[in-house]
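Beneath this line is the structure, given in structure tokens, with notes to follow.
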Protein chains: 2
Amino acid sequence: MNLSKKQIFMNYTAAKGLKSTRQRDIILDCFLSSEQHLSTEELYLKIKKQNAGIGFATVYRTLKLFAEAGIASEIQLGDGQTRYEHLHAGEHHDHLVCTKCGAIVEFANETIEQLQKDVAQQHGFTIVTHKLELYGTCAACTG
Amino acid sequence: MNLSKKQIFMNYTAAKGLKSTRQRDIILDCFLSSEQHLSTEELYLKIKKQNAGIGFATVYRTLKLFAEAGIASEIQLGDGQTRYEHLHAGEHHDHLVCTKCGAIVEFANETIEQLQKDVAQQHGFTIVTHKLELYGTCAACTG
DNA sequence: GCTTATATTGAAAATCATTCTCAATTAGGT
DNA sequence: ACCTAATTGAGAATGATTTTCAATATAAGC
Ligand SMILES: [Zn+2]
Ligand SMILES: [Zn+2]
Ligand SMILES: [Zn+2]
Ligand SMILES: [Zn+2]
């Protein structure tokens with residue numbers, strides 16, 4: 001599956017006339033081998049440990065590129081930092097966030113998704129995206 | 001109802017040993033007489049027109065205070081600015097946002113709210129707050 | 001009303017995440 | 001190898017918000 005993400009990115013850059021560079025390879029490998037929901041800075045620091053000399057501007061630019069290419073998606077979890085997660089074609093999920101330990105749990109609920117569409121339709125809206133986040137404490141942190 | 005919001009704020013500041021000032025009065029009046037979902041800057045500009053000499057730092061501070069006092073709540077609608085809306089005790093709603101014209105429509109759906117609680121419980125989470133926003137185009141903006 | 005301790009204010013500086021600028025470097029086609 | 005366009009890194013710039021701090025205003029206490 002990592003191979004296919006790489007492939008998708010290759011295709012995207014090729015189609016756009018973009019070049020393949022050492023930096024982009026390193027950042028992609030690091031992103032693909034990372035757990036989910038890493039912030040740009042977290043990924044930057046992780047990369048820096050293994051490969052000095054990659055500027056943070058490049059990491060910012062490259063993550064945006066991943067999102068454009070459709071292999072990553074940006075999420076905003078209320079802590080002021082943009083995070084990126086792996087995007088699997090056709091899949092969607094929302095997030096439960098523990099405000100004590102920072103744990104992030106993913107969930108998907110078809111009924112909620114459908115109800116959102118209903119609500120939108122009732123108001124004449126055509127929905128493009130949505131954001132659903134539940135904030136609280138996880139089992140371990142709930143006293 | 002404006003009277004009672006003022007009352008709630010008075011009580012809050014009194015209980016906290018805070019002082020009542022000309023600036024806070026002006027900002028509160030302006031906030032209460034404004035449409036919903038104004039950003040801090042929008043409110044600042046509106047105030048400035050009527051009462052020169054109120055610094056933006058004071059507006060930022062005071063809106064935060066309103067939120068603490070329970071008469072306003074912060075919302076983040078993805079445009080990078082914090083907005084404040086009037087908070088009515090015990091009421092809750094979520095938002096539909098038109099990404100073309102900026103229109104914001106409020107909605108409340110009990111079934112969605114309940115399903116969120118169910119999801120949280122399934123994962124052992126105790127939910128404190130949540131955020132649900134549907135982004136798309138409103139009837140007028142949908143080609 | 002005057003004094004005093006404390007909260008508040010405005011302006012400017014500081015912060016923080018992110019983006020932009022630009023000169024130097026690199027990739028890829030010829 | 002040569003040329004052109006894309007890319008990079010460092011630092012400056014940005015934009016929203018927060019902090020700092022000296023000056024000012026408020027509310028007690030007398
Ligand atoms: Zn969803
Ligand atoms: Zn996720
Ligand atoms: Zn809700
Ligand atoms: Zn609202």
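In what follows, chains are A, B, ... by sequence order, proteins preceding strands, each numbered from 1.
In this structure a side-chain-to-backbone donor-acceptor pair under 3.5 Å is present from A:T142 to A:T137. With hydrogens and angles disregarded, a donor-acceptor distance shorter than 3.5 Å links the side chain of B:T99 to the backbone of B:G136.
We find that OH of A:Y44 is positioned 16 Å from P of C:dT19, with the value rounded to whole Å. For B:D25 and D:dT26, the CG to P distance is 10 Å, given to the nearest whole Å. Atom P of nucleotide C:dA17 and atom CG of A:L77 are separated by 15 Å, given to the nearest angstrom. Atom CD1 in B:I26 sits roughly 14 Å away from atom P in D:dA25 (whole-Å rounding). One interatomic measurement links the two molecules: CG of A:L18 to C1' of C:dT26, which rounds to 14 Å at whole-angstrom precision. Regarding A:M10, its CE atom lies at a distance of 14 Å from the P atom of C:dA27, rounded to whole Å.
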Protein and nucleotides 15-18 of chain D: nitrogen or oxygen contacts under 3.5 angstrom:
residue, atom, partner, partner atom, Å
D:dT17, OP1, B:T82, N, 2.7
D:dT17, OP1, B:T82, OG1, 2.7
D:dT17, OP2, B:Y60, OH, 2.7
D:dT18, OP1, B:K64, NZ, 3.2

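In this structure, A:H93 has its ring center at least 6.0 angstrom away from the ring center of A:H88.
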Sequence neighbours left out, cut at 3.5 Å: what donor-acceptor pairs do the side chains of residues 47-72 of chain B make with other protein atoms?
residue, atom, partner, partner atom, Å
B:T62, OG1, B:T58, O, 2.6
B:K64, NZ, B:E74, OE2, 3.3
B:E68, OE1, B:Y12, OH, 2.8

List the atom pairs, with distances to 0.1 Å, where a side-chain N or O of residues 35-46 of chain B and a protein N or O form a donor-acceptor pair under 3.5 Å, not counting sequence neighbours.
residue, atom, partner, partner atom, Å
B:Q36, OE1, B:H86, N, 2.8
B:H37, NE2, B:E85, OE1, 2.8
B:H37, NE2, B:H95, NE2, 3.2
B:H37, NE2, B:E106, OE2, 2.8
B:S39, OG, B:E42, N, 3.1
B:S39, OG, B:Q81, NE2, 3.0
B:E42, OE1, B:S39, N, 2.9
B:E42, OE1, B:R83, NH1, 3.3
B:K46, NZ, B:S34, OG, 2.5

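Phosphate contact (OP1/OP2 of D:dA25, side-chain N/O of B:Q23, threshold under 4.0 Å): absent.
Where A:K19 and B:S20 each meet DNA chain C at their nearest nucleotide, the meeting point lying more 5' is that of B:S20. Between A:R22 and B:T21, the residue anchored closer to the 5' end of DNA chain D is A:R22, taking for each the nucleotide with the nearest heavy atom.
The two residues B:F125 and A:V105 have their closest heavy-atom pair at CE1-CG2, 3.7 Å.
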